[in-house]
Every structure is written in C-alpha cells, then in structure tokens.
Amino acid sequence: MDTAHLVDLLLAVGMVVLALQVVSERAVLRSIILFVVFGLVMALAWTRLQAPDLALAEAAIGAGVTGALMMMAWRRLLIINPDQPADTPRGRSRVAVPVALLAAALVATIGLSALNIDPHANGAGLIALDELTDTSLGNPVTGVLLLFRNLDTLLEMAVLLIALLGARAVSTPAHPNEAAVVETSAPLVGALLAILVPLSILIATHLLLAGTNEPGGAFQAGAVLAAGGVALVLTARLQPGERPGVVTQLAVTAGLLAFVGIGVGIMAFGEKLLVLPGTWAIYVIETAMMVSIGLTLALLFAGAPALVGRPK
Amino acid sequence: MIAELLAGLVFIPLGATLLVLLLPRQARGYLCFTAVLALPLCLMPLTQAVWADGEITLALAEFTPPLGIVWRLDGLALIMLWLTAIVAVPVSLHALTSFPPGEQTGRGFWPLWLMLLAGINALFLSADLFNLYVTLEMITLAGVAMLGIGGNALALKAAMRYLLLGLLASLLYLLAVGLIYGQTGALDIYLVGERLETDRLAATALVLMITGLLVKSAIFPMHVWLPAAHGNAPGPVSAILSGLVVKVSLYMLIRIWFWMAGDWELPAAATALGLLGAGAILYGSLAALIQPRLKMVIAYSTVAQLGYVMLLFPLASINAFHAASYQLLAHGLAKAAMFLAAANILWSIGTDRLHALTDLNRKLPVDLFALALAAVSIMGLPPSGGFLAKWLLLEAAWQQGAWGWLILISIGSLLSAAYLFRVIALTCFHPERRHVPTRWQSPPSSASIAALVLALLAIAAGFTSAPILGLIDDSLPPGGIWP
Amino acid sequence: MSQILGLAVLFLLLNLVAGIWRVARGPTAADRMLAALLFGSTTVAVLLLMAEWMTMPALRSVALLFVMLAGIVTIAFFGLPAGKDEQ
Amino acid sequence: MNFQDGIAVVLLIAGCFFYLAGTVGLLRFGDVHSRLHALTKADNLGLMLVCAALAVLAADWRISALLALIWLLGLLAATVSAHLIARHARRGWE
Amino acid sequence: MTEILFVLAASVVFGIGVWGLLIAEHLLRKLLALNVMSSSVFIIMLVVAGGGPDGPDPVAQALILTGIVIAVAATAFALALMVSIYRKTGRASITEKGDDDR
C-alpha cells in the first residue's frame with residue numbers, strides 16, 4: 001500500500017463522508033458549504049483519475065458556480081422570510097433506506113464488473129486520438145467537443161440558454177423586502193474586487209487560449225468569468241436590471257450565434273454541415289461561448305433578466 | 001440539397017429564437033410564426049427523398065460513427081417529424097392569441113417554444129445515444145419552463161415535480177449510456193446494436209435506460225407527475241406537452257428496443273412492458289372517469305392512450321409496428337385538439353369544472369365540435385385515425401392469437417368511450433342543470449379554428465393510411481424478428 | 001523524491017479531514033467559513049504537490065483557479081444574513 | 001538526493017509543519033478570533049513554503065512565477081477573508 | 001487499484017444521493033442530493049470507459065464535461081423555479097398531502 005493508494009483511499013473515504021454529511025445535515029447552509037467542499041474533493045478525485053480537464057471543470061463549475069447559485073437561492077429564501085427555519089425536518093420515508101442500498105449495490109456491481117472488460121478494439125476514444133493528429137489541436141477533449149462531436153456542444157449551449165429563458169419565464173414578481181440593497185460598506189471588499197475581477201478575466205482568457213493544447217476551454221473559462229460576475233453582483237457593483245438591453249441579449253446568445261453562424265453558414269461555401277473551416281473558427285466560437293456562458297451563469301445567479309452598473 | 005433541408009429542420013427554429021431575442025418587439029410574433037410555417041415546407045422535399053430512396057443519412061462534421069454523430073431520417077422519424085410540424089402550426093396560431101408576442105407571457109413563451117421545436121426535430125433526426133440525451137434535456141427543460149409560465153401555484157409545483165423526476169430519469173439514462181459506451185466504444189444506435197453482446201452488464205444498462213425513458217413518458221406506475229402537469233398547464237402548453245413532449249421519450253424507447261437491442265430474445269421483458277401498458281390503460285381510463293375537471297380528464301386520458309403504444313413490445317409484428325406508430329400520430333393530433341378546445345373553454349368561462357360546462361354547444365359551437373371530433377378519434381370510432389390505430393392493434397393481436405391483449409384493447413376502448421361520453425354528455429345534454437357561468441368572454445376565432453383544424457386532421461388521418469404505412473414498411477428495424 | 005511528495009500529499013489530506021470535523025461541529029457560521037477557508041488553501045497546496053508528483057502541469061492552472069474561487073466564495077458567504085441557528 | 005532535493009525536502013517539511021500548526025489551531029483554540037490567527041497566518045506560511053519547495057524542484061522561472069502568483073493570491077484571499085470573518089463574527093454577537 | 005476504490009466510493013455516494021432524494025423535504029436538499037448523484041455517475045462513466053497510456057478516453061471526458069454543464073444549467077433553472085414556488089406558496093417544498101391532482 002504505497003502512498004498513492006493511501007491518497008486514493010483517503011479521497012474515496014472523504015467523498016463518502018462528505019456526501020453523507022451533505023445529505024444528512026439538518027441546516028441547509030451547512031449542507032451547501034459541505035457541498036462546496038465535496039466539489040473540492042471531487043476535483044482531487046478527477047486529478048487522481050488523470051483527467052485534469054474534468055478537475056478544472058468540476059472546480060470551476062461544480063464547486064464554484066453551483067455552490068454560489070445555491071447559496072444565493074438560500075439567501076433569497078432568507079430575505080423573503082427571515083424567520084425561515086434554518087434546519088429542515090426530514091421526511092419519514094420508510095422506503096428510502098432499502099431503495100438506497102439497492103441502488104448502491106446495483107451501481108457497485110455494474111461498476112466493478114465493467115472494470116474488467118477490456119475496451120473495444122476500435123473504440124471512439126482511440127479513433128479520436130489518431131484523428132487529432134491531423135487537426136491543429138493538441139488537447140483531445142477540446143478536439144472531440146469542437147470538431148468531432150460539435151453538435152453536442154452546440155445543443156448544450158442551447159440547453160444553457162433555455163435554462164436562462166426558463167428562469168426568466170418562470171420568475172414571479174419579487175417579494176417587497178427583496179429589494180433591500182446589499183450592504184456594501186465592507187471596506188476591504190472593494191480592494192479585493194479591484195484585484196480579483198480583472199484577474200478572473202485574465203485567467204479566463206488564459207484557460208481559453210490554453211484550451212487548444214492543454215486542459216482548459218470555453219466552459220471552464222466561462223465559469224471563471226461567471227465567478228468574477230458573481231463577485232460583482234454580490235457586492236452590488238452590478239445590480240439587477242429590469243429589461244435586458246440588446247447588448248445583454250447579444251452577449252447571452254453570442255455562443256450560439258457564432259456556432260450556428262459558422263457551422264451552418266459554411267454550407268453556403270459548399271462544405272458539409274458543422275465542419276469548422278479552420279483554427280480561427282475554433283477561437284471565434286470558443287470566445288463567443290466563453291462570453292455567453294459567463295454572462296448566462298451571472299444572470300442566473302443574480303436571478304434577474306439583466307445586470308446594470310451601479311448608479312453613480 | 002438534402003443536407004440543407006435537414007439542417008433547416010433544426011436550425012431554422014434555433015435561429016429564429018436567437019433573432020427573437022435580438023429583434024425589437026414588433027417583429028417577434030410574425031417571425032416566430034413564419035419559422036414554424038417553414039418546418040412543413042422543409043419536410044415536403046424530404047418526404048419525397050425518403051419515399052424515393054429510403055433512409056437518408058448525414059454525417060455531421062464529416063466524422064462517421066463510432067466517433068462522429070450521424071443524422072438518420074427513415075420512415076418512423078419522418079412520421080414523427082410530420083406530427084410535430086402539423087401540431088406546431090395550429091398550436092402557434094392559438095398561441096398568437098393566448099400568449100401575444102408583445103406581452104410579458106408572450107416574451108417568455110415564444111423563445112422557449114421555438115427552442116422546444118428545435119430540440120424535438122434534433123431528437124427525431126439523431127441516432128446517437130448521447131446526442132439523444134442532450135436533446136432530451138433540451139426538451140424537458142423547455143417543457144418545464146413553459147409549464148411554469150404565468151406562475152399559477154399548482155402549475156409551478158407540478159413543473160418542479162416533473163423537473164425533478166425528469167432529471168432523475170436522465171441520470172439513469174446517462175449512466176446506461178456510459179456503461180454501453182464503456183463496453184462497445186460506440187454511441188451510434190446501429191453500431192452499438194452490432195457490437196453489443198448480450199451479457200449481464202449490457203442487460204443492466206438496458207434496464208436502466210428503459211426505466212429512465214418510462215419515467216419520462218409517464219407510463220404507469222411512473223405516471224405520477226403527468227396529470228398535475230398537463231392538467232394545470234396554461235393554454236396551448238398542455239397541448240404541446242401531451243401532443244409532442246410525452247411522445248418523444250416513447251419514440252426513443254422504440255428506437256432503442258428494436259434498433260439497439262433488436263436481436264436480443266427478451267420475451268419476458270416484452271410482456272412486462274406490455275403489462276405496464278395494460279396498467280396504464282386501465283388506471284388512466286378509470287381515473288379519467290372520476291376527474292372533476294375537463295383538463296384532468298384529458299390528462300389522464302393521455303396516460304391511458306400511451307399504454308396502447310406499449311403493447312407494441314409484446315406483439316412485435318409488422319402490424320403492431322404500424323399500429324404503434326399510427327397511434328402516436330393519431331393520439332398526438334387528437335389530444336392536441338382536445339387540449340386546445342379545453343383551453344378555449346377555460347379561457348371563455350374561467351373554469352373547466354365539468355359541472356359548470358352546461359349548454360356550451362350554443363355558446364362555443366366550434367370548440368365543442370372540435371372536442372367531439374377529437375373524442376371520436378381517441379375513442380377509436382371509425383373513420384378516425386384512432387380507429388385505424390386500434391384496428392391495426394386488434395389485427396396484430398388477432399394474428400398472434402394473443403387473446404389477453406385482444407380483450408384488454410377492447411376493454412380499453414370501452415373505458416375511453418365511457419369517460420369521453422361523460423364529458424360530451426355533461427357539456428351538451430344537461431339543460432336542467434342551469435348553472436349560468438359567472439363570466440363570459442368569447443375566445444378569439446383563430447383559437448377555435450386552430451382546435452378545429454387539428455380535430456379535422458385527426459379524423460382525416462383515418463383516410464390517408466396507405467402512404468404512411470408504406471413509409472413504415474421500408475423502415476422496419478434490422479432485427480428482422482418479423483413474423 | 002516522489003515518495004516524499006506522496007507523503008506530503010497524504011499529510012495535507014489528513015488536515016482536510018480535520019477541517020471536515022470543524023465544519024460539522026463548528027458552533028457558528030464564522031467557524032464553518034473558517035474551515036472552508038482551510039480547505040481552500042490546503043487543496044491548493046495538494047494540487048500543486050500533485051502537479052509535481054504525478055507530472056501533470058495542468059494541475060497548476062486548477063490550483064490557480066481554486067485560489068481565485070476561495071476569495072470569491074468568501075465574499076459570497078458574507079452577503080448572507082446568518083440563518084436562525086447561526087447566531 | 002542531491003543538494004537541490006535536500007533544500008526542497010526541508011522546505012516541504014517546514015510547510016507541512018505550519019499546515020499542521022494551522023489545523024491544530026483551528027481545532028484547539030477557544031473562540032473564532034484566535035482560530036482566525038492560527039488559520040490565516042500558519043496556513044499561508046505553509047503554502048509559501050510548499051510553493052518555495054516546488055519552485056526549487058521545478059527549477060523553471062515560469063513555474064516559479066506561477067507559484068508566486070498563486071501564493072500572493074492565497075495571501076490576498078486569506079487576509080480579506082480573515083477581516084470579513086472577524087467583522088461577521090463580531091457583528092453577529094451585537 | 002485507484003479505479004476500484006473510486007468505483008466503490010461512487011456507488012456508495014450514488015446510494016447516499018438516492019437516500020437523500022427520497023427523505024429530503026426541502027427542495028434545495030433534493031437538488032443537493034441530485035447534484036451529488038450526478039457527480040458519482042460521472043465518476044463511474046469515466047472509470048468504465050477505461051483509458052489508454054496517455055490518460056482516460058477523451059470522448060468519455062467530453063461526454064462528462066457536457067454532462068457537468070447540463071447539470072449546472074438544470075440546477076440553476078430548478079433553483080429559479082424553487083424561488084418562484086417559495087414566493088408564490090410560502091413553502092419551499094412540494095410534498096404536501098394530496099394536492100397532486102386537485
């Protein structure tokens with residue numbers, strides 16, 4: 001049992017303990033913090049499984065954005081009704097434990113028996129690797145996402161847009177005491193923002209450009225941008241606006257516009273559907289996707305159709 | 001030329017959504033309506049092509065399976081695309097008045113509706129397991145979001161229950177896709193069908209996948225979320241959900257059962273699916289008998305009618321295949337017509353409680369006529385499309401001497417006749433229950449015409465069976481267990 | 001050398017487990033946020049050590065991301081009026 | 001185990017020691033404020049030492065610059081968070 | 001060895017997620033349980049897909065990356081829906097007794 005196995009064992013046990021804590025904890029706020037920590041441990045698990053792309057995605061999207069979204073949603077419930085019981089009663093479902101044990105056992109047998117089957121001779125993964133050589137990309141995952149199976153990525157951007165449109169369509173008029181302005185008097189927060197927000201833009205562009213050859217890409221970069229946006233919304237530098245202007249709408253739909261524009265527009269030049277002409281197309285699409293993902297997640301976080309700068 | 005049309009099916013509604021978000025307010029309604037009208041126009045030449053030389057395939061980004069994604073258009077997919085296009089036009093006409101593009105609810109409805117259409121068309125074209133997952137998520141999210149428009153408390157809670165069950169079902173489906181990919185290294189349904197050998201692991205993956213899809217298509221006993229969702233949905237949304245969204249996962253189930261696990265001998269599982277269908281028919285019909293509200297009756301009738309499609313699995317024959325696809329088509333048309341009519345009734349007298357719907361035949365003649373016509377098709381009375389579907393099903397059961405299914409189908413038809421006659425009787429033949437409705441607003445004529453058009457199409461489906469059944473004949477699954 | 005790096009990673013992960021105990025027990029919300037801060041810096045150190053130990057240079061950008069998120073999640077926490085039992 | 005590795009090992013052990021100190025402080029100290037001291041100071045020093053050890057091992061200026069940036073960000077995050085936690089804790093009791 | 005450990009851990013986490021989903025009354029807790037479950041499904045997907053010398057199967061990684069983004073989109077929408085339900089009904093839970101098909 002050399003150190004590698006011990007590390008894996010510790011991570012595995014950590015995952016299980018944290019999952020149990022997240023689910024069984026009575027206070028919702030505590031569960032959210034534990035869920036963020038669970039995201040951290042998941043990111044470490046992805047690194048142990050030699051998948052840095054997924055570690056990056058889990059850290060940026062899984063732990064960061066999802067944690068922030070849940071914290072904001074819980075906060076909104078608190079603002080509406082401050083004497084919200086912090087801890088929530090647990091349902092008395094007798095069937096829960098046996099069903100859970102059955103599910104765990106089923107998945108365990110599947111996972112273990114799936115382990116010792118050797119992958120198929122010419123599986124998609126192997127083909128992806130040697131198709132990658134004659135593209136200009138170095139990172140196979142970005143290759144699959146943007147070149148080989150790009151319809152999935154396009155429709156996934158559509159799912160993100162639907163989530164935003166749905167959140168707008170479903171929102172009921174805000175509760176009166178929700179309009180309370182966030183207390184922004186903390187002195188140091190301004191300084192931290194002045195450093196963190198430009199840095200998040202810098203790191204996002206770094207991840208985006210690095211995405212072609214090493215782990216990174218539009219999704220992780222978009223999530224980092226969203227994190228910067230979240231910080232601005234929280235400290236009321238960006239406040240919810242009423243009607244989304246053309247600029248907001250353009251930024252939110254930029255990813256899809258670029259992808260559909262190039263992917264379908266290419267057919268006018270005689271190419272097949274969704275064939276990307278060159279690396280420039282990949283960069284244009286990835287930048288547009290980064291902008292849309294960042295803004296969409298920030299808008300979903302703020303729970304408002306638009307974001308406007310702080311009135312002077 | 002074919003590739004442009006296939007692309008048009010998915011990217012015209014998607015592009016229209018993007019334009020709707022960017023354009024000023026005035027041009028929105030008409031842009032959306034023209035985008036919906038463009039779909040049948042794209043489908044006509046495609047039907048010609050499929051009619052001429054069978055299945056059309058288009059490798060996206062020029063990468064063929066196992067790596068790339070392939071769009072396949074065969075008879076069954078074409079029929080489902082036609083169902084979507086035919087239902088979409090009248091529903092959009094109805095939505096022009098119930099969700100006016102200028103208003104707040106309209107601004108929410110139209111982008112989601114166009115995105116839903118893009119997702120549905122992308123799903124019917126795709127034959128890739130993971131791509132089906134992504135499009136299914138698109139459809140579920142758009143459907144739940146539309147259900148929540150207007151913010152009535154019951155609809156919001158039903159939307160949340162639908163969303164949670166939908167996400168759980170998608171997770172099971174995703175796990176199954178991961179397992180199958182781990183084993184076969186491929187995601188295309190046909191390729192997976194060839195490479196998948198029938199060991200215990202593949203069987204577990206299939207069970208997970210089928211459970212997920214059964215939950216999404218609200219087959220008994222996983223139908224809990226459907227009545228509250230379709231019964232409380234605003235205006236045309238219940239027509240969209242019952243007419244189209246619920247059929248999407250059933251179509252996927254048929255694709256996976258016959259195209260992917262085609263040459264597996266699973267008689268036990270097939271009868272199990274048939275029994276679930278039987279449960280759906282009986283439970284749905286009985287529950288529909290006791291519902292106080294018109295839209296809840298129609299919602300439970302959806303649960304029942306979907307049960308008939310499940311009978312395709314135990315009676316796996318050419319006739320059964322004809323019957324199931326015809327049932328999907330006819331039920332889609334008739335159910336959308338009924339929900340549009342119900343929406344008009346609810347809109348005009350403010351409630352859809354059956355006891356309040358007295359002597360509507362004088363006030364809402366067109367809607368009542370549409371409701372009656374659609375009921376004829378759901379009941380399976382000649383000459384409607386529903387009748388043809390049930391007739392083919394009876395024929396299939398008769399050929400195989402499956403008396404159990406035969407009796408079940410006839411009982412089901414009787415029950416559906418019962419709960420639908422109850423509705424017709426209450427609305428037309430009870431003059432003595434003089435309950436003057438509190439408010440009265442005649443619905444816009446275009447909304448009533450939309451319901452009537454769909455109902456007439458449901459009846460007309462009974463006559464145009466030859467071309468449709470011909471299309472299905474040349475797109476039978478490769479498995480070839482066809483007696 | 002890699003043996004020592006492995007041991008260091010193991011040691012820091014044990015610190016993480018201690019932190020989990022504080023999150024579970026910590027009486028006030030501030031304690032919980034404290035522990036979450038501990039996780040932030042420990043995970044960054046673990047990631048950097050792993051980058052060297054498993055020779056995966058990409059982990060350094062993951063660590064960079066973590067450090068940035070730690071700052072933002074802390075701000076996220078403070079816009080939050082404490083719940084009932086948190087006082 | 002040449003000279004370079006030697007330095008790295010020493011720095012690494014020191015770093016781990018400070019992390020241990022931070023964690024022990026977190027668990028043992030009485031109230032939030034004292035725990036704050038332990039945590040922000042000790043952990044950050046630990047992070048610096050670990051970054052120094054890795055910089056020595058990597059012996060490449062680009063990686064060292066990245067490690068320095070990560071440490072500075074850690075320092076920034078720790079200081080502001082400590083301040084916010086302290087204000088939050090103090091305001092919580094009024 | 002690493003894979004076996006993580007598959008077992010992921011299966012237990014999946015079971016915990018199912019248990020959490022069934023017993024949770026509050027909608028936020030149900031979403032937490034769902035997110036925990038999807039993380040465990042992703043781990044199992046990656047491990048089952050196996051891998052070559054230079055890291056796990058890239059197509060499986062791409063599928064999981066798409067899955068993570070869809071999961072965050074669905075969660076964000078579900079949270080917005082939960083807040084609307086709370087504003088409308090004053091309760092963040094949908095398991096009242098017998099209000100299903102009123």
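Naming convention: chains lettered A, B, ... in sequence-line order (proteins, then strands); numbering from 1 in each chain. Note that these values count all heavy atoms, side chains included, but never hydrogens, waters or copies made by symmetry.
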Inset, instruction - Give, as side chain, backbone, both or neither, the part of A:R168 having an atom under 4.5 angstrom from any heavy atom of chain E. - result: neither
Legend entry - Which of A:L49, A:V159, A:L160 touches chain E most, by non-hydrogen pairs under 4.5 Å: A:L49
Inset, instruction - Give, as side chain, backbone, both or neither, the part of A:M70 having an atom under 4.5 angstrom from any heavy atom of chain E. - result: both
Legend entry - Part of E:T75 within contact of chain A (heavy atom distance under 4.5 Å): side chain
Inset, instruction - Give, as side chain, backbone, both or neither, the part of E:V59 having an atom under 4.5 angstrom from any heavy atom of chain A. - result: both
Inset, instruction - Show your reasoning for whether side chain to side chain contact (heavy atoms under 4.5 Å, CB included) applies to E:I68 and A:F219. - result: CA-CA 10 Å; E:I68 288 178; A:F219 300 112; over 6 Å; no
Legend entry - Side chain / backbone / both / neither for A:L300 at chain E, heavy atoms under 4.5 Å: side chain
Inset, instruction - Could you please spell out the steps behind the side chain to side chain contact (heavy atoms under 4.5 Å, CB included) verdict for A:M42 and E:I43? - result: CA-CA 9 Å; A:M42 273 296 294; E:I43 284 206; 3.8 Å; yes
Inset, instruction - Give, for atom CG of E:L28 and atom CE of A:M71, the distance between the pair rounded to the nearest 0.5 Å. - result: 11.0 Å
Legend entry - Separation of A:T172 OG1 from E:Y86 OH (nearest 0.5 Å): 12.5 Å
Legend entry - Interchain contact, E:L5 with chain A, by part (heavy-atom threshold 4.5 Å): both
Legend entry - Least distance between heavy atoms, A:R76 atom then E:R87 atom: CD-NH2, 3.7 Å
Inset, instruction - Please report the C-alpha distance between A:W74 and E:H26 in whole Å, then the side-chain angles of each, then the deciding distance to 0.1 Å, and finally whether the side chain to side chain contact (heavy atoms under 4.5 Å, CB included) criterion is met. - result: CA-CA 11 Å; A:W74 173 248; E:H26 198 284; 3.9 Å; yes
Legend entry - Heavy-atom pair of closest approach, residues E:G20 and A:V23: CA-CG1, 3.1 Å
Inset, instruction - Begin with the C-alpha distance, continue with both residues' side-chain angles, and end with the deciding distance and a verdict on side chain to side chain contact (heavy atoms under 4.5 Å, CB included) for E:S39 and A:E58. - result: CA-CA 9 Å; E:S39 297; A:E58 183 69 38; 4.2 Å; yes
Legend entry - Where E:L22 and A:A96 come nearest, the two heavy atoms and their spacing: CD1-CA, 3.6 Å
Legend entry - E:L8 portion near chain A, given a 4.5 angstrom heavy-atom threshold: side chain
Inset, instruction - To the nearest 0.5 angstrom, please state how far the OG atom of E:S11 sits from the CD1 atom of A:I110. - result: 9.0 Å
Legend entry - Options A:A57, A:A128, A:G166, A:P98, ranked by heavy-atom pairs under 4.5 Å with chain E, top entry: A:G166
Inset, instruction - Taking E:R29 for its side chain and A:E25 for its backbone only, find out whether a donor-acceptor pair lies under 3.5 Å. - result: yes
Inset, instruction - Against chain E, label A:A45 side chain, backbone, both or neither, depending on which of its atoms sit under 4.5 Å from a heavy atom there. - result: both
Inset, instruction - Could you tell me the separation between the CD1 atom of A:I162 and the CZ atom of E:F77, rounded to the nearest 0.5 Å? - result: 10.0 Å
Legend entry - Closest non-hydrogen atom pair, A:G125 against E:P58: O-CG, 4.0 Å
Inset, instruction - Tell me, for E:I44 versus chain A, whether the close heavy atoms (under 4.5 Å) come from the side chain, the backbone, both or neither. - result: side chain
Inset, instruction - Please round to the nearest 0.5 Å and tell me the distance separating atom CG of E:L31 and atom OG of A:S31. - result: 12.5 Å
Legend entry - Trace of the side chain to side chain donor-acceptor pair (under 3.5 Å) decision for A:D152 with E:T66: CA-CA 8 Å; A:D152 283 344; E:T66 312; 5.7 Å; no
Legend entry - Distance (rounded to the nearest 0.5 Å) between E:I16 CD1 and A:L18 CG: 10.0 Å
